[in-house]
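Within every chain, numbering begins at 1; the chains are lettered A, B, ... in the order of the sequence lines, protein sequences first and strands thereafter.
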Protein chains: 2
Amino acid sequence: MPGGRPRSFDADAALDRALEVFWRQGYEGTSLSDLTAAMRINRPSLYATFGNKEELFGKALARYADGPAAHAGEALEASTGREVVERLIRGAVELTTGDDTPHGCLAVNSVHACGPDSTPVRHKAVAHRKAAEVALRRRLEQATDLPPGYQPDTLARLVHTITDGIAVQAVSGRGRDELRHVADLALRALFG
Amino acid sequence: MPGGRPRSFDADAALDRALEVFWRQGYEGTSLSDLTAAMRINRPSLYATFGNKEELFGKALARYADGPAAHAGEALEASTGREVVERLIRGAVELTTGDDTPHGCLAVNSVHACGPDSTPVRHKAVAHRKAAEVALRRRLEQATDLPPGYQPDTLARLVHTITDGIAVQAVSGRGRDELRHVADLALRALFG
DNA sequence: TCGATTTTATACCTTCCGGTACAAAACTAG
DNA sequence: CTAGTTTTGTACCGGAAGGTATAAAATCGA
(Lines give C-alpha, C1' and ligand atoms only; values in the text may rest on other atoms or scores of the structure.)
Protein backbone atom coordinates (compact mmCIF):
# COMPACT_ATOMS: atom_id res chain seq x y z
CA MET A 1 0.00 0.00 0.00
CA PRO A 2 2.59 2.63 0.73
CA GLY A 3 3.93 4.14 -2.43
CA GLY A 4 5.34 7.60 -2.14
CA ARG A 5 8.41 9.36 -3.30
CA PRO A 6 11.51 7.85 -1.74
CA ARG A 7 13.60 9.87 0.65
CA SER A 8 16.64 11.24 -1.09
CA PHE A 9 18.98 11.46 1.91
CA ASP A 10 20.33 9.29 4.69
CA ALA A 11 18.58 10.29 7.90
CA ASP A 12 21.35 8.96 10.12
CA ALA A 13 24.02 10.86 8.23
CA ALA A 14 21.89 13.99 8.38
CA LEU A 15 21.52 13.56 12.12
CA ASP A 16 25.27 13.22 12.48
CA ARG A 17 25.71 16.51 10.67
CA ALA A 18 23.12 18.17 12.85
CA LEU A 19 24.93 16.87 15.92
CA GLU A 20 28.15 18.36 14.64
CA VAL A 21 26.58 21.78 14.20
CA PHE A 22 24.82 21.76 17.58
CA TRP A 23 28.05 20.66 19.22
CA ARG A 24 30.05 23.44 17.58
CA GLN A 25 27.54 26.27 17.73
CA GLY A 26 25.18 25.41 20.55
CA TYR A 27 21.42 25.14 20.41
CA GLU A 28 20.55 28.80 20.21
CA GLY A 29 23.52 29.64 18.07
CA THR A 30 22.38 27.20 15.42
CA SER A 31 19.67 28.44 13.09
CA LEU A 32 17.44 26.31 10.93
CA SER A 33 19.36 27.60 7.94
CA ASP A 34 22.60 26.41 9.51
CA LEU A 35 21.03 23.02 10.06
CA THR A 36 19.54 22.57 6.62
CA ALA A 37 22.78 23.71 5.02
CA ALA A 38 24.87 21.25 7.04
CA MET A 39 22.41 18.40 6.65
CA ARG A 40 22.00 19.08 2.92
CA ILE A 41 18.24 18.87 3.17
CA ASN A 42 15.57 21.50 2.99
CA ARG A 43 13.36 22.74 5.71
CA PRO A 44 10.21 20.69 5.19
CA SER A 45 12.29 17.51 5.02
CA LEU A 46 13.81 18.36 8.36
CA TYR A 47 10.41 18.89 9.93
CA ALA A 48 8.92 15.76 8.37
CA THR A 49 11.81 13.57 9.50
CA PHE A 50 12.85 15.01 12.86
CA GLY A 51 9.87 16.95 14.17
CA ASN A 52 11.21 20.40 14.91
CA LYS A 53 14.41 22.03 16.08
CA GLU A 54 13.94 20.98 19.69
CA GLU A 55 13.17 17.36 18.86
CA LEU A 56 16.09 17.26 16.46
CA PHE A 57 18.33 18.45 19.24
CA GLY A 58 17.03 15.72 21.51
CA LYS A 59 17.89 13.10 18.93
CA ALA A 60 21.30 14.65 18.39
CA LEU A 61 21.95 14.54 22.12
CA ALA A 62 20.99 10.88 22.29
CA ARG A 63 23.29 10.14 19.38
CA TYR A 64 26.06 12.07 21.10
CA ALA A 65 25.74 9.90 24.19
CA ASP A 66 25.84 6.69 22.18
CA GLY A 67 28.56 7.83 19.80
CA PRO A 68 31.26 10.37 20.58
CA ALA A 69 30.57 10.28 24.32
CA ALA A 70 30.11 6.53 24.59
CA HIS A 71 33.28 6.25 26.65
CA ALA A 72 31.40 7.71 29.61
CA GLY A 73 29.11 4.73 29.83
CA GLU A 74 31.79 2.20 29.03
CA ALA A 75 34.11 3.59 31.69
CA LEU A 76 31.77 2.28 34.35
CA GLU A 77 32.65 -1.25 33.31
CA ALA A 78 36.24 -0.93 34.44
CA SER A 79 37.19 -3.26 37.24
CA THR A 80 38.37 -0.77 39.85
CA GLY A 81 37.06 2.55 41.05
CA ARG A 82 40.30 4.18 40.20
CA GLU A 83 40.21 2.94 36.65
CA VAL A 84 36.62 4.09 36.24
CA VAL A 85 37.63 7.58 37.29
CA GLU A 86 40.75 7.52 35.17
CA ARG A 87 38.86 6.51 32.06
CA LEU A 88 36.28 9.23 32.63
CA ILE A 89 38.82 11.98 33.09
CA ARG A 90 41.14 10.93 30.30
CA GLY A 91 38.18 10.26 28.06
CA ALA A 92 36.89 13.76 28.69
CA VAL A 93 40.15 15.23 27.46
CA GLU A 94 40.11 13.20 24.26
CA LEU A 95 36.43 13.84 23.62
CA THR A 96 36.62 17.60 24.07
CA THR A 97 39.83 18.23 22.15
CA GLY A 98 39.36 16.11 19.06
CA ASP A 99 40.90 17.20 15.80
CA ASP A 100 37.88 16.22 13.73
CA THR A 101 35.19 17.20 16.20
CA PRO A 102 34.21 20.49 17.83
CA HIS A 103 36.02 21.33 21.03
CA GLY A 104 34.08 21.11 24.26
CA CYS A 105 31.20 18.88 25.29
CA LEU A 106 27.71 19.07 23.86
CA ALA A 107 26.08 18.34 27.20
CA VAL A 108 28.07 21.02 29.00
CA ASN A 109 27.46 23.54 26.24
CA SER A 110 23.76 22.82 26.27
CA VAL A 111 23.43 23.47 29.97
CA HIS A 112 24.38 27.03 29.09
CA ALA A 113 21.70 27.41 26.43
CA CYS A 114 19.95 30.55 27.52
CA GLY A 115 16.84 32.42 26.60
CA PRO A 116 13.21 31.63 27.19
CA ASP A 117 12.69 29.18 24.33
CA SER A 118 15.64 26.94 25.14
CA THR A 119 14.46 25.98 28.60
CA PRO A 120 13.38 22.48 27.49
CA VAL A 121 16.77 21.92 25.92
CA ARG A 122 18.53 22.94 29.09
CA HIS A 123 16.32 20.57 31.04
CA LYS A 124 17.17 17.75 28.67
CA ALA A 125 20.86 18.38 29.18
CA VAL A 126 20.50 18.59 32.94
CA ALA A 127 18.56 15.34 33.02
CA HIS A 128 21.19 13.62 30.91
CA ARG A 129 23.93 14.85 33.20
CA LYS A 130 22.08 13.90 36.32
CA ALA A 131 21.56 10.37 35.05
CA ALA A 132 25.27 10.06 34.37
CA GLU A 133 26.06 11.23 37.86
CA VAL A 134 23.71 8.74 39.46
CA ALA A 135 25.25 5.94 37.44
CA LEU A 136 28.76 6.94 38.48
CA ARG A 137 27.82 7.18 42.13
CA ARG A 138 26.24 3.72 42.00
CA ARG A 139 29.36 2.36 40.40
CA LEU A 140 31.66 3.96 42.95
CA GLU A 141 29.56 2.57 45.76
CA GLN A 142 30.60 -0.85 44.53
CA ALA A 143 34.29 0.02 44.50
CA THR A 144 36.57 -1.29 47.23
CA ASP A 145 39.69 0.58 46.22
CA LEU A 146 38.74 4.15 47.06
CA PRO A 147 41.16 6.00 49.35
CA PRO A 148 39.93 6.07 52.94
CA GLY A 149 37.43 8.84 53.62
CA TYR A 150 36.39 9.22 49.98
CA GLN A 151 32.60 9.14 49.91
CA PRO A 152 31.22 7.76 46.66
CA ASP A 153 28.63 10.48 46.14
CA THR A 154 31.06 13.32 46.73
CA LEU A 155 33.75 11.67 44.63
CA ALA A 156 31.28 11.17 41.80
CA ARG A 157 30.43 14.85 41.90
CA LEU A 158 34.07 15.86 42.03
CA VAL A 159 34.88 13.69 39.04
CA HIS A 160 32.08 15.26 37.05
CA THR A 161 33.16 18.68 38.23
CA ILE A 162 36.60 17.97 36.81
CA THR A 163 35.28 16.60 33.51
CA ASP A 164 32.95 19.58 33.22
CA GLY A 165 35.89 21.87 33.84
CA ILE A 166 37.90 20.08 31.18
CA ALA A 167 35.11 20.76 28.71
CA VAL A 168 35.10 24.44 29.61
CA GLN A 169 38.86 24.62 29.24
CA ALA A 170 38.62 22.94 25.87
CA VAL A 171 36.14 25.48 24.50
CA SER A 172 38.33 28.20 25.92
CA GLY A 173 41.11 27.12 23.62
CA ARG A 174 43.20 24.91 25.86
CA GLY A 175 44.94 22.24 23.80
CA ARG A 176 44.90 18.51 24.13
CA ASP A 177 48.44 18.18 25.42
CA GLU A 178 47.92 20.75 28.13
CA LEU A 179 44.73 19.08 29.27
CA ARG A 180 46.42 15.69 29.36
CA HIS A 181 48.85 17.11 31.85
CA VAL A 182 45.98 18.55 33.84
CA ALA A 183 44.35 15.11 33.84
CA ASP A 184 47.61 13.53 34.99
CA LEU A 185 47.84 15.89 37.91
CA ALA A 186 44.19 15.47 38.84
CA LEU A 187 44.52 11.69 38.91
CA ARG A 188 47.71 11.87 40.87
CA ALA A 189 46.08 14.14 43.43
CA LEU A 190 43.06 11.89 43.71
CA PHE A 191 44.79 8.53 43.90
CA GLY A 192 48.43 9.31 44.64
CA MET B 1 28.79 75.73 28.51
CA PRO B 2 27.09 72.36 28.73
CA GLY B 3 23.42 72.72 29.31
CA GLY B 4 21.31 69.76 28.36
CA ARG B 5 18.63 67.75 30.01
CA PRO B 6 19.99 65.87 33.01
CA ARG B 7 20.13 62.13 32.98
CA SER B 8 17.25 60.69 34.94
CA PHE B 9 18.86 57.43 36.03
CA ASP B 10 21.96 56.16 37.80
CA ALA B 11 24.27 54.66 35.20
CA ASP B 12 26.11 52.49 37.72
CA ALA B 13 22.90 51.05 39.08
CA ALA B 14 21.69 50.41 35.54
CA LEU B 15 24.93 48.61 34.75
CA ASP B 16 24.50 46.45 37.82
CA ARG B 17 21.06 45.44 36.62
CA ALA B 18 22.42 44.68 33.16
CA LEU B 19 25.11 42.52 34.74
CA GLU B 20 22.49 40.62 36.64
CA VAL B 21 20.52 39.85 33.49
CA PHE B 22 23.57 38.85 31.45
CA TRP B 23 24.70 36.63 34.29
CA ARG B 24 21.35 34.90 34.56
CA GLN B 25 20.39 34.68 30.89
CA GLY B 26 23.65 34.82 28.97
CA TYR B 27 24.61 37.22 26.23
CA GLU B 28 22.54 35.76 23.44
CA GLY B 29 19.66 34.88 25.70
CA THR B 30 19.29 38.48 26.77
CA SER B 31 17.38 40.72 24.40
CA LEU B 32 17.48 44.49 24.33
CA SER B 33 13.96 44.47 25.68
CA ASP B 34 15.11 42.34 28.62
CA LEU B 35 17.90 44.81 29.25
CA THR B 36 15.86 47.99 29.05
CA ALA B 37 13.17 46.44 31.25
CA ALA B 38 15.69 45.43 33.91
CA MET B 39 17.64 48.67 33.73
CA ARG B 40 14.47 50.76 33.77
CA ILE B 41 15.65 52.87 30.89
CA ASN B 42 14.60 53.03 27.28
CA ARG B 43 16.50 51.95 24.25
CA PRO B 44 18.05 55.22 23.08
CA SER B 45 19.29 55.94 26.61
CA LEU B 46 21.02 52.57 26.63
CA TYR B 47 22.74 53.28 23.34
CA ALA B 48 23.73 56.82 24.30
CA THR B 49 25.18 55.73 27.61
CA PHE B 50 26.69 52.31 26.93
CA GLY B 51 27.27 52.13 23.18
CA ASN B 52 25.51 48.97 22.09
CA LYS B 53 24.71 45.53 23.43
CA GLU B 54 28.23 44.25 22.94
CA GLU B 55 29.91 47.22 24.63
CA LEU B 56 27.40 47.03 27.45
CA PHE B 57 28.34 43.43 27.95
CA GLY B 58 32.03 44.36 28.07
CA LYS B 59 31.34 46.88 30.82
CA ALA B 60 29.20 44.38 32.70
CA LEU B 61 32.00 41.82 32.52
CA ALA B 62 34.51 44.34 33.89
CA ARG B 63 32.12 45.17 36.70
CA TYR B 64 31.67 41.47 37.41
CA ALA B 65 35.41 41.03 37.81
CA ASP B 66 35.68 43.98 40.19
CA GLY B 67 32.52 43.19 42.11
CA PRO B 68 31.00 39.75 42.58
CA ALA B 69 34.13 37.96 41.36
CA ALA B 70 36.62 40.17 43.15
CA HIS B 71 37.62 37.27 45.37
CA ALA B 72 39.53 35.76 42.46
CA GLY B 73 41.99 38.63 42.40
CA GLU B 74 42.19 38.98 46.16
CA ALA B 75 42.89 35.28 46.62
CA LEU B 76 46.30 35.76 45.02
CA GLU B 77 47.32 37.87 48.01
CA ALA B 78 47.14 34.94 50.40
CA SER B 79 50.47 34.03 51.95
CA THR B 80 50.76 30.40 50.87
CA GLY B 81 50.10 28.58 47.65
CA ARG B 82 47.71 26.31 49.37
CA GLU B 83 45.68 29.16 50.76
CA VAL B 84 45.57 30.83 47.36
CA VAL B 85 44.11 27.67 45.87
CA GLU B 86 41.75 27.16 48.77
CA ARG B 87 40.36 30.67 48.50
CA LEU B 88 39.85 30.29 44.77
CA ILE B 89 38.00 27.01 45.03
CA ARG B 90 35.90 27.91 48.02
CA GLY B 91 35.23 31.34 46.56
CA ALA B 92 34.00 29.75 43.35
CA VAL B 93 31.42 27.77 45.29
CA GLU B 94 30.12 30.82 47.09
CA LEU B 95 30.11 32.98 43.97
CA THR B 96 28.24 30.51 41.80
CA THR B 97 25.61 29.43 44.33
CA GLY B 98 24.57 32.75 45.84
CA ASP B 99 21.02 33.19 47.07
CA ASP B 100 20.71 36.72 45.70
CA THR B 101 22.68 36.25 42.50
CA PRO B 102 22.29 33.99 39.48
CA HIS B 103 23.85 30.58 39.75
CA GLY B 104 26.96 29.91 37.72
CA CYS B 105 29.74 32.18 36.59
CA LEU B 106 29.34 34.94 34.03
CA ALA B 107 32.76 34.30 32.51
CA VAL B 108 32.14 30.58 32.11
CA ASN B 109 28.66 31.15 30.71
CA SER B 110 29.99 33.68 28.23
CA VAL B 111 32.58 31.30 26.86
CA HIS B 112 29.60 29.28 25.69
CA ALA B 113 27.92 32.18 23.91
CA CYS B 114 27.36 30.77 20.47
CA GLY B 115 26.29 32.02 17.12
CA PRO B 116 28.10 34.18 14.63
CA ASP B 117 27.41 37.56 16.21
CA SER B 118 28.63 36.68 19.67
CA THR B 119 32.16 35.85 18.63
CA PRO B 120 33.59 39.09 20.06
CA VAL B 121 31.89 38.40 23.36
CA ARG B 122 33.36 34.94 23.50
CA HIS B 123 36.77 36.38 22.79
CA LYS B 124 36.37 38.90 25.58
CA ALA B 125 35.51 36.11 28.00
CA VAL B 126 38.42 33.97 26.83
CA ALA B 127 40.83 36.86 27.23
CA HIS B 128 39.56 37.56 30.71
CA ARG B 129 39.96 33.95 31.69
CA LYS B 130 43.41 33.67 30.18
CA ALA B 131 44.58 36.70 32.11
CA ALA B 132 43.33 35.15 35.33
CA GLU B 133 45.20 31.96 34.56
CA VAL B 134 48.46 33.77 33.89
CA ALA B 135 48.13 35.65 37.15
CA LEU B 136 47.52 32.45 39.08
CA ARG B 137 50.46 30.70 37.46
CA ARG B 138 52.73 33.62 38.32
CA ARG B 139 51.53 33.53 41.88
CA LEU B 140 52.04 29.78 42.23
CA GLU B 141 55.55 30.10 40.84
CA GLN B 142 56.31 32.15 43.93
CA ALA B 143 54.90 29.56 46.30
CA THR B 144 57.24 27.35 48.29
CA ASP B 145 54.65 25.10 49.83
CA LEU B 146 53.47 23.14 46.83
CA PRO B 147 53.58 19.36 47.16
CA PRO B 148 56.63 17.90 45.42
CA GLY B 149 56.16 17.41 41.70
CA TYR B 150 53.35 19.93 41.37
CA GLN B 151 54.24 22.21 38.50
CA PRO B 152 52.83 25.71 38.89
CA ASP B 153 51.47 25.99 35.36
CA THR B 154 49.72 22.64 35.46
CA LEU B 155 48.40 23.26 38.94
CA ALA B 156 47.07 26.66 37.90
CA ARG B 157 45.21 25.02 35.02
CA LEU B 158 43.86 22.27 37.22
CA VAL B 159 42.60 24.79 39.76
CA HIS B 160 40.81 26.72 37.05
CA THR B 161 39.49 23.48 35.63
CA ILE B 162 37.96 22.74 39.00
CA THR B 163 36.50 26.21 39.46
CA ASP B 164 35.10 26.07 35.94
CA GLY B 165 33.55 22.73 36.74
CA ILE B 166 32.05 24.14 39.90
CA ALA B 167 30.40 26.85 37.82
CA VAL B 168 28.96 24.25 35.45
CA GLN B 169 27.67 22.19 38.34
CA ALA B 170 26.07 25.28 39.84
CA VAL B 171 24.13 26.09 36.67
CA SER B 172 23.13 22.45 36.48
CA GLY B 173 21.31 22.82 39.75
CA ARG B 174 23.84 21.51 42.25
CA GLY B 175 23.34 23.24 45.59
CA ARG B 176 25.79 25.17 47.70
CA ASP B 177 26.13 22.53 50.41
CA GLU B 178 26.88 19.78 47.94
CA LEU B 179 29.50 21.89 46.21
CA ARG B 180 31.12 22.76 49.50
CA HIS B 181 31.66 19.06 50.06
CA VAL B 182 33.08 18.75 46.57
CA ALA B 183 35.45 21.61 47.35
CA ASP B 184 36.48 19.93 50.59
CA LEU B 185 37.33 16.74 48.77
CA ALA B 186 39.19 18.54 46.01
CA LEU B 187 41.35 20.43 48.49
CA ARG B 188 42.00 17.32 50.47
CA ALA B 189 43.08 15.49 47.35
CA LEU B 190 45.33 18.32 46.27
CA PHE B 191 46.99 19.08 49.59
CA GLY B 192 46.24 16.09 51.79
C1' DT C 1 13.01 84.99 27.96
C1' DC C 2 15.59 83.04 24.40
C1' DG C 3 18.60 79.96 21.88
C1' DA C 4 21.80 75.91 22.45
C1' DT C 5 22.28 71.38 24.11
C1' DT C 6 21.35 66.92 25.86
C1' DT C 7 18.13 63.28 27.26
C1' DT C 8 13.71 61.37 26.92
C1' DA C 9 9.91 58.74 24.70
C1' DT C 10 7.63 56.78 20.72
C1' DA C 11 7.57 54.82 16.69
C1' DC C 12 9.74 52.78 13.20
C1' DC C 13 13.42 50.30 10.14
C1' DT C 14 15.73 46.09 8.24
C1' DT C 15 16.94 41.51 8.98
C1' DC C 16 16.56 37.07 10.51
C1' DC C 17 14.18 33.68 13.33
C1' DG C 18 11.30 29.11 13.61
C1' DG C 19 7.73 27.16 11.19
C1' DT C 20 4.34 26.10 7.24
C1' DA C 21 1.21 26.08 2.62
C1' DC C 22 1.28 24.56 -1.66
C1' DA C 23 2.24 22.53 -5.83
C1' DA C 24 5.45 19.82 -8.65
C1' DA C 25 8.06 15.44 -8.62
C1' DA C 26 8.89 10.56 -7.80
C1' DC C 27 7.56 6.53 -6.35
C1' DT C 28 4.03 1.83 -5.65
C1' DA C 29 -0.14 -0.70 -6.42
C1' DG C 30 -3.49 -2.02 -9.57
C1' DC D 1 -1.61 4.54 -17.68
C1' DT D 2 -3.97 5.89 -13.58
C1' DA D 3 -4.89 6.73 -8.69
C1' DG D 4 -2.94 7.36 -4.38
C1' DT D 5 0.90 8.58 -1.42
C1' DT D 6 5.00 10.63 0.22
C1' DT D 7 8.92 13.78 -0.42
C1' DT D 8 10.83 17.73 -2.56
C1' DG D 9 11.56 22.67 -3.58
C1' DT D 10 10.02 27.36 -3.25
C1' DA D 11 7.95 30.82 -1.44
C1' DC D 12 5.88 32.69 2.27
C1' DC D 13 3.99 33.83 7.29
C1' DG D 14 3.91 36.29 11.85
C1' DG D 15 6.94 37.71 15.23
C1' DA D 16 11.01 39.25 17.46
C1' DA D 17 15.72 40.58 17.09
C1' DG D 18 19.23 44.73 17.24
C1' DG D 19 19.40 49.33 16.12
C1' DT D 20 17.83 54.27 14.83
C1' DA D 21 15.13 58.68 13.23
C1' DT D 22 12.60 62.20 15.18
C1' DA D 23 10.44 65.32 17.97
C1' DA D 24 9.08 66.69 22.70
C1' DA D 25 10.96 67.71 27.33
C1' DA D 26 14.31 69.52 30.51
C1' DT D 27 18.24 71.78 31.63
C1' DC D 28 22.17 75.42 30.86
C1' DG D 29 24.36 80.22 29.68
C1' DA D 30 23.28 84.84 28.30
On DNA chain C, check which nucleotide each of A:Y27 and A:P44 is closest to and give me the residue with the more 5' one. A:Y27
Can you tell which of C:dG19, D:dG18, C:dT8 lies closest to the side chain of A:Y47? C:dG19
Distance in angstrom units between B:F50 CZ and D:dG18 P, rounded: 16 Å
What is the distance, to the nearest angstrom, from the CG atom on A:L35 to the P atom on C:dG18? 8 Å
Assign each of A:R5 and B:S31 to its nearest nucleotide of DNA chain D by heavy atoms, then name whichever residue's nucleotide is nearer the 5' end. A:R5
In whole angstrom, give the distance that lies between atom CG of B:L32 and atom C1' of D:dG18. 5 Å
B:E54 CD to D:dG19 C1', straight-line distance once rounded to whole Å: 14 Å
Angle between ring planes, B:F22 versus B:F57, binned at 30° and 60°: parallel, tilted or perpendicular? perpendicular
Spacing of B:F9 atom CZ relative to C:dT7 atom C1', expressed in whole Å: 9 Å
Check for me whether B:R7 meets the cation-pi criterion with B:F9, that is, NZ or CZ under 6.0 Å from the six-membered ring centre and within 45 degrees of the ring axis. yes
Enter the distance from A:T154:OG1 to B:L179:CG here, rounded to the nearest 0.5 Å. 10.5 Å
To the nearest Å, how far apart are B:R7 CZ and C:dT5 P? 19 Å
Between C:dG18, D:dT8, D:dG19, which one does the side chain of B:N52 approach most closely? D:dG19
Please determine if B:R129 and B:E133 form a salt bridge, counting it only when a charged side-chain N lies under 4.0 Å from a carboxylate O. no
Spacing between A:N42 atom CG and D:dT6 atom P, to the nearest angstrom: 18 Å
Does D:dT8 have OP1 or OP2 under 4.0 Å away from a side-chain N or O of A:S45? yes
Distance-only polar pair, side chains of B:T161 and B:D164, donor-acceptor under 3.5 Å: no
Find which nucleotide of DNA chain C each of A:T30 and B:P6 is nearest to by heavy atoms, and output the residue with the more 5' nucleotide. B:P6
Euclidean distance, atom CZ of residue A:R43 to atom P of D:dC12 [Å, nearest integer]: 14 Å
How would you label the contact of B:D117 with the nucleic acid (heavy atoms, under 4.0 Å): base, sugar-phosphate, or nothing? nothing
